[in-house]
Amino acid sequence: MTSVNSLFFNKAQDNKSSAADTIPQPFASTTTGTAEIGGKTISYTATTGRMEVQGPDRKPMALFGYTAYNAGVAGSRKSGSGVSVNKGDASRPIVFAFNGGPGSSSVWLHMGALGPKRVLVNDPKPTPNAPYTVENNKRSILDVADLVMIDPVGTGVSVPAGEKEFKDFWGVDEDIESVSAFIKQYLVNHGRMNSPKYLLGESYGTFRNAGIMDHMQSGGIAFNGVIMVSAVFDLLSLVFPNGSDLSYIVHLPSYASTAWYHEKLDDRPDSLAPFVEEVRRFTEEVYVPALYKGSRLSANEKEDVAAQLARYTGLSADFWMRANLRVK
């Protein structure tokens, strides 16, 4: 007859084993494929997984999710953690890329712009709901550089490891240090220290770019270049805070470009580039001084500025007047 104590003990052991089985582990999975880029067929090796990253104390600090693309079908070798990794061609440039947020995985740049495959969207119109179609990305950068898409801890499948917790990674400096640690370890594991190295960040990722460049150069690892996508270096330019006109100023050329694209202008120029330059000159020479005059701006001056803003954006002069020349 089985005792209650033995049943409880066996159940506790089962629970302990189940809990251990759920602890995230490093892994890597590799496939091969082809893509048509720039009129050429590019063969590539794709590796996705979760790489163990160690802290300065050589103890595991995080498991970083990533997807790496290497042109050609390269060999592989075991990393320090025993996971099979793709070596890639050390002579090729390598680009480490991430989105922003903070709090965003790299899926948007990965499947929207950089990878050899992309999700078909009805840009710039709304994209219907699933199912989605994956197609060849003829504008991928894989023809000129290998690519590593990075998910910072707390995004994608990236999680803390060892004694670390999520809160240990969620700060400006902590984010910079952990992503830098991943990049350094990836370069070492894959024999890519001597490759031309580039960073590509989007939105908050441009903050991260600047910090990583400085942090890694201080540690003896220099990059060959940095790519800023939708750069944000001052959050005041995004959030339209009360008492600050910066957001209105920096957004005006984008408003005008959008109106030009959607053909919302009564007197639409044939070419976008010279039109945007004209709007930028207006912003610098007329719009900024008008906003900074505040209540000292005369009624006639305000009406003149509103009329010009209407011409550039397709919004009525009356709308600009009622918005006090500030639209968001």
Side-chain angles (χ1 to χ4, degrees), residues 19-29 47-68 76-88 90 94-107 110 146-195 197-202 204-224 226:
D21 292 340
T22 63
I23 296 175
Q25 299 294 324
F27 71 90
S29 178
T47 302
T48 188
R50 193 156 48 191
M51 190 179 84
E52 182 182 283
V53 176
Q54 299 176 351
D57 56 2
R58 299 295 180 90
K59 294 181 179 180
M61 61 182 285
L63 295 173
F64 264 82
Y66 71 97
T67 302
S76 63
R77 62 184 176 86
K78 296 290 184 179
S79 69
S81 60
V83 176
S84 181
V85 297
N86 189 291
K87 293 188 297 184
I94 185 168
V95 176
F96 294 93
F98 32 73
N99 274 96
S104 174
S105 73
S106 62
V107 64
H110 181 181
D146 291 340
L147 175 65
V148 183
M149 305 300 309
I150 304 173
D151 293 337
V153 173
T155 73
V157 296
S158 298
V159 294
E163 299 177 356
K164 295 292 186 180
E165 301 178 25
F166 282 110
K167 65 181 181 180
D168 297 323
F169 299 88
W170 293 346
V172 175
D173 292 337
E174 293 86 347
D175 176 85
I176 290 168
E177 291 167 3
S178 63
V179 177
S180 296
F182 169 86
I183 294 173
K184 179 180 179 180
Q185 195 161 317
Y186 185 95
L187 291 169
V188 171
N189 289 354
H190 295 75
R192 300 301 295 266
M193 273 294 189
N194 201 39
S195 299
K197 295 175 282 292
Y198 296 84
L199 287 178
L200 188 153
E202 178 267 344
Y204 183 83
T206 59
F207 272 81
R208 186 182 288 129
N209 269 353
I212 289 175
M213 293 276 287
D214 178 68
H215 182 77
M216 295 194 70
Q217 186 161 331
S218 298
I221 300 176
F223 285 86
N224 297 74
V226 60

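What you see is a predicted model; the values in this text were computed from it and never measured. What you see below is based on every heavy atom in this structure, not just the backbone, and it leaves out hydrogens, waters and symmetry mates.
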Taking atom CG as the centre, does N194 end up with more than 12 heavy-atom neighbours from other residues, nucleotides or ligands that are less than 6.0 angstrom away? no
Quick one: CG on L200 to OG on S106, what's the gap to the nearest 0.5 Å? 11.0 Å
Counting C-beta onward and ignoring hydrogens, is there a side-chain heavy-atom pair between [X] and [Y] closer than 4.5 Å?
X: P152; Y: D175; value: yes
X: F169; Y: M61; value: yes
X: R192; Y: D146; value: yes
X: I150; Y: I183; value: yes
X: K184; Y: M216; value: yes
X: R50; Y: P26; value: no

So which atom in [X] and which in [Y] form the shortest heavy-atom distance, rounded to 0.1 Å?
X: L187; Y: I94; result: CD2-CG2, 4.5 Å
X: T48; Y: F27; result: O-CE1, 4.2 Å
X: G201; Y: N209; result: N-ND2, 3.1 Å
X: A90; Y: G191; result: CB-O, 3.7 Å

How are the rings of Y66 and Y186 set to each other: parallel, tilted or perpendicular (split at 30° and 60°)? perpendicular
Could you tell me if R208 sits above the aromatic ring of F98, with its cationic atom closer than 6.0 Å to the ring centre and no more than 45 degrees from the axis? yes
Side chains of T155 and S105: do they bring a donor and an acceptor to under 3.5 Å? no
For a quick test of your reading: what N or O donor-acceptor pairs under 3.5 Å do the side chains of residues 157-167 make, sequence neighbours left out?
{"residue": "S158", "atom": "OG", "partner": "G65", "partner atom": "N", "Å": "2.6"}
{"residue": "S158", "atom": "OG", "partner": "D151", "partner atom": "O", "Å": "2.5"}

For E202, is there any backbone N or O sitting under 3.5 Å from a side-chain donor or acceptor partner on T206? no
Distance-only, no hydrogens or angles: does the Q185 side chain make a donor-acceptor pair with backbone N or O of E52 under 3.5 Å? yes
Report the C-alpha separation of L63 and M51 in whole Å, then their side-chain angles, then the decisive distance to 0.1 Å, and conclude whether the side-chain contact (heavy atoms from CB on, under 4.5 Å) test is met. CA-CA 5 Å; L63 295 173; M51 190 179 84; over 6 Å; no
Who passes side-chain contact (heavy atoms from CB on, under 4.5 Å) against M213, sequence neighbours left out? L199, F223, V226
Run the side-chain contact (heavy atoms from CB on, under 4.5 Å) test against D214 and tell me which residues pass, sequence neighbours left out. S218
V148 and F182: CA distance, side-chain angles, deciding distance, side-chain contact (heavy atoms from CB on, under 4.5 Å) verdict: CA-CA 11 Å; V148 183; F182 169 86; 4.1 Å; yes
Could you walk me through whether K197 and I221 pass side-chain contact (heavy atoms from CB on, under 4.5 Å), step by step? CA-CA 9 Å; K197 295 175 282 292; I221 300 176; 4.0 Å; yes
